[in-house]
Protein chains: 2
Amino acid sequence: MKSANQRINQVFKAIADPTRREIFHALVVASVAMPITQISEQFDISRQGVTKHIKTLEEAGLINIDTKGRERFCTADPKPLKMVFDWVGFYDKFWDDALNRLDDHLG
Amino acid sequence: MKSANQRINQVFKAIADPTRREIFHALVVASVAMPITQISEQFDISRQGVTKHIKTLEEAGLINIDTKGRERFCTADPKPLKMVFDWVGFYDKFWDDALNRLDDHLG
DNA sequence: ATTAAAAGCAACCAAATAGTTGCATTAATT
DNA sequence: AATTAATGCAACTATTTGGTTGCTTTTAAT
C-alpha cells in the first residue's frame with residue numbers, strides 16, 4: 001500500500017508547480033508527441049530546467065516518454081489525475097457546507 | 001487576474017504536502033472548530049510544525065480561524081478546492097484518451 | 001496572586017526545489 | 001568524415017520547505 005501513497009504524493013507534487021502544470025497542459029492540448037527541445041522553446045526557462053520538470057512529471061506518470069533516435073518524444077497521460085479527482089471529489093459534499101452539514105445532522 | 005492565479009498556486013501548494021492534506025482532512029471530518037493544540041495532538045510533529053502548516057492552509061483559504069480568548073479555532077473550508085476540481089475536470093475528457101481523441105478528430 | 005495552558009515569534013537547521021552553466025555523448029545531416 | 005542537433009550528466013547557487021527549540025505573551029484556572 002505504501003507505493004500507492006507515494007504515487008499520489010508524486011502526483012500532487014508534480015501539479016503543485018505552475019510551470020509543470022503549463023508544460024503538462026501544453027502537451028495535452030498539443031495531443032501529439034513532442035521532443036524536449038520543442039517543448040522547451042515554448043518556455044522562458046532553459047532546456048535543462050524543462051527537462052527537470054519533465055522528469056518530475058514522468059515520475060508522477062503524467063508524461064510518457066518514447067525515445068526515437070536522438071529525440072525523446074513526450075506525451076501527456078492524464079490518467080493519474082483521476083487520483084486527484086477522487087481526492088477532491090470527497091470534499092465536494094462540503095462545498096455548500098452549511099446546508100449539507102445540516103442535512104447530515106438531521107438525517 | 002494576477003491575484004487569482006496566485007490564489008490557485010497557493011491552493012495547489014497547500015494540498016501538495018501529505019501532512020497538510022491530513023490536517024485538512026481531520027478538520028473536515030471533525031466538522032467542528034478545533035484549536036491548534038488539539039489538532040497538533042493528532043500528529044507526530046511539534047505544535048509549531050502544525051502551526052506552520054495551518055498558516056499555509058489558511059493562506060490558501062482552506063482553513064478559517066476564529067480567535068476566542070487564548071485559543072484559535074480552525075475550521076476547514078473546502079470551497080477553494082473547487083478550483084482544483086475545475087482544473088482537473090478539464091483533463092477528464094482525456095482519461096480514455098484514445099477514444100476521445102478519435103472522437104474529436106472525427107467530430 | 002500564582003500557576004498553567006494556548007499560542008506567537010524568532011532563530012536555526014537540513015533537505016528539497018527551481019533554476020543555472022559547462023561539458024560530454026549520441027545520432028542525424030551534409 | 002565533419003558538423004550540427006538533441007539530449008544527458010554533473011556541479012553549483014539561491015530560495016523555499018518542513019521541521020526543530022527556546023522564549024515571550026496572553027488568557028484562563030486555582
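Every chain is numbered from 1, with letters handed out A, B, ... down the list of sequences. We use all heavy atoms of the structure for the numbers below, so side chains are in, but hydrogens, waters and symmetry mates are not.
Look at CZ on B:F43: it is 15 Å from C1' on D:dG19, rounded to the nearest Å. We find that CD1 of B:I15 is positioned 17 Å from C1' of D:dT17, with the value rounded to whole Å. Atom CD in A:E71 sits roughly 12 Å away from atom P in C:dA27 (whole-Å rounding). If you take CD of B:Q10 and P of D:dT16, they are 14 Å apart, rounded to a whole angstrom. If you take CD1 of B:I36 and P of D:dT26, they are 17 Å apart, rounded to a whole angstrom. What separates CZ of A:R20 from P of C:dA16 is a distance of 15 Å, to the nearest Å. Atom C1' of nucleotide C:dA18 and atom NZ of B:K13 are separated by 14 Å, given to the nearest angstrom. One can place CG of A:D66 at 15 Å from C1' of D:dT7, the figure rounded to the nearest angstrom.
Backbone-only contact: B:T51 has heavy atoms under 4.0 Å from sugar-phosphate atoms and none from a base.
Taking the six-membered ring where the residue is Trp, the centroids of A:Y91 and B:F24 are separated by under 6.0 Å. The aromatic ring centroids of A:H53 and A:F43 lie 6.0 Å or more from each other.
With contacts defined as side-chain heavy-atom distances shorter than 4.5 Å, the pair A:L27/A:C74 qualifies.
The stretch residues 54-64 of chain A has no heavy atom under 4.0 Å from DNA chain D, so no residue of it qualifies as close.
Applying the side chain to side chain donor-acceptor pair (under 3.5 Å) test to pairs two or more places apart or on separate chains, none has a residue in residues 34-45 of chain B.
A:K52 pairs by the salt bridge (charged side-chain N to carboxylate O under 4.0 Å, His left out) definition with nothing, not counting sequence neighbours. The side-chain hydrogen bond (donor to acceptor under 3.5 Å, both in side chains) search around B:D66 returns none, not counting sequence neighbours. Among residues two or more places apart in sequence or in another chain, the side-chain contact (heavy atoms from CB on, under 4.5 Å) test is passed with B:K82 by A:W95, B:D86.
Taking only side-chain nitrogens and oxygens, A:T37 never comes nearer than 4.0 Å to OP1 or OP2 of D:dA5.
In the set C:dG19, D:dG18, C:dA6, the nucleotide with an atom closest to the side chain of B:H53 is D:dG18.
A donor-acceptor contact shorter than 3.5 Å links the side chain of B:R21 to the backbone of B:A16.
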Polar atom pairs (N or O), protein with nucleotides 20-26 of chain C, under 3.5 Å:
{"residue": "C:dT20", "atom": "OP1", "partner": "A:S46", "partner atom": "N", "Å": "3.3"}
{"residue": "C:dT20", "atom": "OP2", "partner": "A:S46", "partner atom": "N", "Å": "2.8"}
{"residue": "C:dT20", "atom": "OP2", "partner": "A:S46", "partner atom": "OG", "Å": "2.5"}
{"residue": "C:dG22", "atom": "O6", "partner": "A:Q48", "partner atom": "NE2", "Å": "3.0"}

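Using cut-offs of 30° and 60° on the angle between ring planes, the pair A:F12 and A:W87 is perpendicular.
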